[in-house]
There are 2 protein chains.
Amino acid sequence: MSEFNNFFKSAFSVDNVIFGFDEGDLKILLIKRGADPFSGMWALPGDLVYPNEDLNTAASRVLEELTGISDVYLEQVQTFGAVNRHPLGRVITVAYYSLININKYMVTAASFAQKAKWHSISTVKALAFDHNQILSACFDLLKQRVRTRPLGFELLPLKFTLTALQHLYEAILETELDKRNFRKKILSMNLLIDLEEAQEGVAHRPAKLYKFDSDRYEKLVKDGFSFELKESKKKMLLENS
Amino acid sequence: MSEFNNFFKSAFSVDNVIFGFDEGDLKILLIKRGADPFSGMWALPGDLVYPNEDLNTAASRVLEELTGISDVYLEQVQTFGAVNRHPLGRVITVAYYSLININKYMVTAASFAQKAKWHSISTVKALAFDHNQILSACFDLLKQRVRTRPLGFELLPLKFTLTALQHLYEAILETELDKRNFRKKILSMNLLIDLEEAQEGVAHRPAKLYKFDSDRYEKLVKDGFSFELKESKKKMLLENS
DNA sequence: CTTAATCGTGTACTTTATACACAAATATCG
DNA sequence: CGATATTTGTGTATAAAGTACACGATTAAG
């Protein structure tokens, strides 16, 4: 045990890429740093992990302190530990992404103090530390996940239209999808419940509302079902000599 | 800076699941622990990360010290940091897997002292710490990767037969593949170079030897090619009510 | 020369992906 | 109240990919 205390140790933290979807746009929550290093720059929300706290717990805590939301979808992505990634000393950070329904977002004391703000992912500029790299790893993983797991629903309100769902996928995958093919594919999975309600307050033909049937999804998975959305636009196949 | 020194810190390590393929069997390299905790049990090779060492470097070092092999395929998988995963104190560990050509494996002083031994993945029993959980995460990722990246070749000698390649895939995916379909698919990617040589020393019709064309792969990837091996056996589709 | 073992190959069928256009429904405005 | 603007919801034909399946050819050994 005394030997253990002689081991080299480092500080370690979690950083969390918090995704939300609003106005057809994929967004992430950033905070403006108030202190050095990188004072004044935008950064991913994160914190040091407490001595008696698991990693996932720390990531959830960061999210809840900032947004007031608990019980969210959260996944570990990758750990960044380059020797010089933090100017003050060795800090290893474990990156997570989480998906929240942006309507549940509350301005908490923490988010107010830290000047948290939603940024469209397409307009994010230089971030503090190696956070651009972390963001990019998280976004890449999200793109992959959204094609193989029914995660999109985490970002939408309980009731949503098929058009909203399609726009969400388009924002995440950064591609356009064909309306008819998208609907055919999604509906063929039998994972959506037609609520037999219509959208209200729109100045045109209102769309039908659906919700995600998570019970049915669990059941299907047990029977070997696997969610897959492979749709893409055209292929450009180059000739193989 | 003095504030930084007051942060809670923990020891951190890397653990490495080293895969090899031999005699039609997927294997991993384990070491027998000589000291408490878990003295006498098999464990994944790993070590504490040095103060001025990046994570990937540490994982490579562990592998090279043990096997004498450098320049191997290595990928970070997941970080395990449960509060009580290590009996002596808080230790966060970053899990990696690596793929080596088992014929290059040398018994080094380190592997000898640590009683390193190859174990068929199907016969691995209880390991020290949370290493079964780590192994399982790494094996799962390997299964996924091998379908979407041409990694199999890392585990084979430079020259190999299509049958050997198929057996490798079957060992990793834990499924049987159809010979004709497998060959059709692999050959259609134009990633193999027919060496116009035959196997020697076998008591039956010798198979042709191939090697992987990594230059061509790089080129194809730039043109948007993506490796995919989706092959599986039958489907069991259960009725959707 | 017979035997035993593995190699190498093609085709028909099923499933999935892709491309594409227009009438129906509603709110708004004059 | 009728015309206009907007978005919804739907089907079919074609192309590509996945799956099932059997046997003659080639070699070494005896």
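Residue numbers begin at 1 in each chain, while the letters A, B, ... track the order of the sequences.
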Grab the NZ-P distance between A/Lys179 and C/dT18 for me, whole Å please. 19 Å
Tell me which residues in residues 193-203 of chain B lie within less than 4.0 Å of DNA chain D, going by non-hydrogen atoms. B/Val202, B/Ala203
Report yes if at least one side-chain N or O of A/Thr163 is closer than 4.0 Å to OP1 or OP2 of D/dT8; otherwise report no. yes
side-chain contact (heavy atoms from CB on, under 4.5 Å) involving A/Asp22 - partner list, sequence neighbours excluded: A/Lys27, A/Ile102
Take B/Arg205 and A/Ala164, find for each the nucleotide of DNA chain D with the closest heavy atom, and name the residue whose nucleotide sits nearer the 5' end. A/Ala164
Tell me the interatomic distance from B/Arg183, atom CZ, to D/dG18, atom C1', rounded to whole angstroms. 18 Å
With sequence neighbours left out, what residues match A/Lys143 under salt bridge (charged side-chain N to carboxylate O under 4.0 Å, His left out)? A/Glu174
Euclidean distance, atom CZ of residue A/Phe182 to atom P of D/dG9 [Å, nearest integer]: 13 Å
Identify whether the distance between the nearest side-chain nitrogen and carboxylate oxygen of A/Glu197 and A/Lys159 falls below 4.0 Å. yes
Between protein and nucleotides 12-15 of chain D, what N or O pairs are separated by less than 3.5 Å?
{"unit_1": "D/dT12", "atom_1": "O4", "unit_2": "A/Lys184", "atom_2": "NZ", "d": "3.0"}

A/Thr108 versus A/Ser111, side-chain donor and acceptor atoms under 3.5 Å: yes
Whole-Å distance between D/dA17 P and B/Asp178 CG? 18 Å
Interatomic distance, B/Lys208 NZ vs C/dT6 P [rounded to whole Å]: 20 Å
Write down the distance between CD (A/Gln166) and P (D/dT7), rounded to a whole number of angstrom. 14 Å
Can you find a donor-acceptor pair, distance only, under 3.5 Å between B/Lys185 side chain and D/dG18 base? no
Using the test salt bridge (charged side-chain N to carboxylate O under 4.0 Å, His left out), find all partners of B/Glu75 that sit at least two apart in sequence or belong to another chain. B/Arg145
Judged by each residue's nearest nucleotide on DNA chain C, which is more toward the 5′ side, B/Ala207 or A/His204? B/Ala207
Within 6.0 Å of CG in B/Asp71, more than 12 heavy atoms from elsewhere: no
For B/Ile186 and D/dA17, give me the distance from atom CD1 to atom P, rounded to whole Å. 15 Å
Could you state the CG-P distance from A/Leu187 to D/dG11, rounded to the nearest angstrom? 12 Å
Sub-4.5 Å side-chain heavy-atom contact between A/Ile69 and A/Asn101: no
Side chain proximity check, B/Gln144 to A/Gln144, heavy atoms < 4.5 angstrom: yes
Partner residues of B/Asn56 under the side-chain hydrogen bond (donor to acceptor under 3.5 Å, both in side chains) criterion, sequence neighbours left out: B/Tyr96
